[in-house]
Amino acid sequence: MLNPLSRWLLPLLIGNLSILTCVAQTSTAEDSEALQIYQDHCAGCHGAQRTGAMGPALLPESLARLRKAEALNVMLHGRVLTQMPAFARQIPEEKLQRLIELIYSPPAEPPRWEEKDITQSRVSYPVPDNDKPLFSADPQNLFIVVELGDHSATLLDGDKFEAITRFKTRFALHGGPKFSPDGRYVYFASRDGWISKYDIYNMTYLAEIRVGINTRNLAISADGQYLIAANYLPGNLVLLSSKDLSLIKIIPASSGDTTSRVSAVYTAPPRHGFVAALKDIAEVWEITPSDTDAQIRRIPTSEYLDDFFFDQNYQYLIGSSRKGNSAQVVNLDSGNTVADLSIEGMPHLGSGITWKYQDTEVLMTPNLKDSRLTIIDMSNWKTIRQLDTQGPGFFTRSHDGSPYAWSDVFFGPHKDLINIIDKKSLEIVKTLRPSPGKTSGHVEFTRDGRYALLSIWDDDGELIVYDSKTLEEVKRLPMKKPSGKYNVYNKTRYVRGTSH
Ligand code: HEC
């Protein structure tokens with residue numbers, strides 16, 4: 001069995017990280033009484049196969065971040081303001097405990113989600129006859145803020161820091177939303193496999209489709225024509241047309257007899273395609289899409305790699321090994337592994353950032369297990385600095401318009417701290433505690449880099465705006481667990497300092 005922490009922690013892009021539970025993968029003999037209770041009381045909303053319907057999927061992969069104690073609490077008391085009812089009066093607690101064991105175990109029959117399920121799930125909404133924004137804010141300096149607390153998103157004016165609108169999303173968005181190259185549309189992926197297309201100018205959804213049962217993230221091609229989703233369940237990639245979200249191709253993540261979970265998929269703009277990280281096959285896949293098909297190039301690697309970082313030209317890929325103690329550098333042109341970096345402490349390369357330092361370019365990555373930041377010289381892949389921090393981190397961010405890089409302390413007792421690193425001296429020059437006791441994390445900059453927006457990851461959370469030069473606080477906006485925020489300009493121009 002894999003190390004349970006690395007099994008699901010590494011590829012996490014965004015989500016609720018305060019809960020670290022490992023999931024039993026061993027299938028126990030099914031408890032037929034619990035199954036019956038499930039069919040009688042839960043299946044109507046959560047699906048006969050537990051793959052979700054009106055309510056979310058209840059499978060081990062889906063529940064990876066929900067503690068069993070919290071699941072019991074939800075089942076006893078329901079969730080306020082949602083359709084999840086309380087069962088304390090109907091089902092004895094002992095039976096609810098057995099239901100928990102049931103939903104945290106894989107079903108006897110692996111759940112399926114096939115071509116007809118995907119195509120039949122597609123919904124389109126009326127397309128408004130208007131192609132100008134219905135608001136006056138700069139359309140290139142907008143932010144989408146994902147609020148996991150109540151499954152909503154806020155469209156934020158990046159100059160005034162005021163909400164333009166706030167709308168419901170699918171349950172538990174996963175991975176960052178992706179913008180069309182012109183910034184007009186945004187595409188979301190949810191944990192349970194829903195892809196949604198939202199028209200920012202008209203502030204309305206245009207189409208949705210369910211591409212899988214458990215989805216990791218979504219990528220958009222540089223030309224904006226194709227979307228691709230990475231799935232854990234079933235283990236595949238699903239290629240869509242971005243126009244109407246119609247299905248182009250299902251790409252099973254198989255090699256020989258092994259079908260792999262897909263940890264993540266990334267767009268590689270200069271390569272006109274995508275690169276996928278496979279959890280259970282030691283290969284990196286380069287995928288080149290077309291209107292009817294997709295070409296797959298398989299690059300064998302000596303380790304299982306997931307969680308990737310790319311250099312600015314997308315010539316090199318740096319992938320963390322699943323064991324968590326090294327990272328490998330793969331030349332995407334030749335397919336050769338050109339360096340093996342030993343980085344203890346499980347680097348979180350997916351949120352690594354680069355900047356120009358002296359006459360070279362450096363990469364800084366937080367570590368998910370060690371209390372330190374690692375800075376690597378990208379010309380020779382040598383670690384040139386390790387910065388001790390107050391706990392393991394998750395996100396780092398910077399912008400060419402800012403002299404500083406920001407990095408959170410996401411785990412442990414100091415999760416309320418944020419370190420500011422001077423990009424010239426490579427030292428931590430300031431540590432902020434924006435909201436004592438509450439997790440702070442995920443910074444994104446305005447288009448010009450003048451302001452940095454930080455999240456307080458709490459159901460009663462906030463978005464805090466800082467002047468990125470003076471590091472003074474400018475504004476606070478209350479938000480419900482604002483997990484991530486995405487600036488149209490920075491994301492569509494692949495600005496250095498932001499992860500993609
Ligand atoms: C009337 C519909 C309905 C029924 C019946 C129902 N649920 Fe739910 N359940 C929901 C909805 C909707 C949510 C999502 C709530 C939210 O938005 O947080 C949910 C959430 C949950 C969650 C939390 C999932 C997560 O990832 O946070 C668990 C656990 C759960 N339900 C278990 C059960 C069990 C077990 C039963 C049967 C005993 C059951 N539910 C019956 C609608 C229902």
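Counting starts at 1 for both ligands and their atoms, in listed order.
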Counting only heavy atoms, which portion of [X] has something under 4.0 Å from ligand 1: side chain, backbone, both, or neither?
X	result
R50	neither
Y38	neither
L58	side chain
S62	neither
A172	neither

Say you draw a straight line from OG1 of T154 to CG of L142; how long is it, rounded to the nearest 0.5 Å? 12.5 Å
Numbered atoms of ligand 1 (with element) below 4.0 Å of [X], judged on heavy atoms:
X	result
M54	2 (C), 12 (C)
M75	32 (C), 35 (C)
F171	14 (C), 16 (C), 17 (O), 18 (O), 25 (C), 26 (O), 27 (O)

Option nearest atom 14 (C) of ligand 1 (shortest heavy-atom distance, choices A57, G55, P56): P56
For [atom], closest protein heavy-atom neighbour:
atom	result
atom 22 (C) of ligand 1	V74 CG1, 3.8 Å
atom 18 (O) of ligand 1	R79 NH1, 2.6 Å
atom 34 (C) of ligand 1	C42 SG, 3.4 Å
atom 3 (C) of ligand 1	C45 SG, 2.7 Å
atom 15 (C) of ligand 1	T82 OG1, 3.5 Å

Taking only non-hydrogen atoms of P85, do any sit less than 4.0 angstrom from ligand 1? yes
In this structure, does ligand 1 have an atom that sits under 4.0 Å from one of the heavy atoms of R191? yes
Do H442 and F410 have their ring centres less than 6.0 Å from each other? no
Does the ring centre of F167 sit less than 6.0 Å away from the ring centre of Y198? yes
Under the side chain to side chain contact (heavy atoms under 4.5 Å, CB included) test against F143, which residue among T446, D157, I164 passes? T446
Assign the ring pair Y187 / Y185 to parallel, tilted or perpendicular, where the plane angle (0 to 90°) is split at 30° and 60°. tilted
Which class fits the ring pair F395 and W457: parallel under 30°, tilted 30 to 60°, perpendicular over 60°? tilted
Determine, stepwise, if the pair D192 / S190 fulfils side chain to side chain donor-acceptor pair (under 3.5 Å). CA-CA 5 Å; D192 290 353; S190 85; 5.8 Å; no
Does a donor on one side chain sit under 3.5 Å from an acceptor on the other, for N367 and D370? no
Salt-bridge criterion met for K68 and E101 (N-O under 4.0 Å): yes
Go through the steps for R98 and D31 under the test salt bridge (Lys or Arg N to Asp or Glu O under 4.0 Å), then give the verdict. CA-CA 8 Å; R98 282 164 56 189; D31 175 343; 2.8 Å; yes
Please report whether ligand 1 has a polar contact with H41, defined as an N or O pair separated by less than 3.5 Å (distance criterion only). no
If we only count N/O pairs under 3.5 Å, is Q83 in contact with ligand 1? no
Assess R216 against Y232: is NZ or CZ under 6.0 Å from the centre of the six-membered ring, and within 45 degrees of the ring's axis? yes
Begin from the C-alpha positions of I251 and W285 and carry the test side chain to side chain contact (heavy atoms under 4.5 Å, CB included) through to its verdict. CA-CA 11 Å; I251 306 162; W285 283 15; 3.9 Å; yes
ang(NE2 H46, atom 8 (Fe) of ligand 1, SD M84) rounded to 10° is 180°
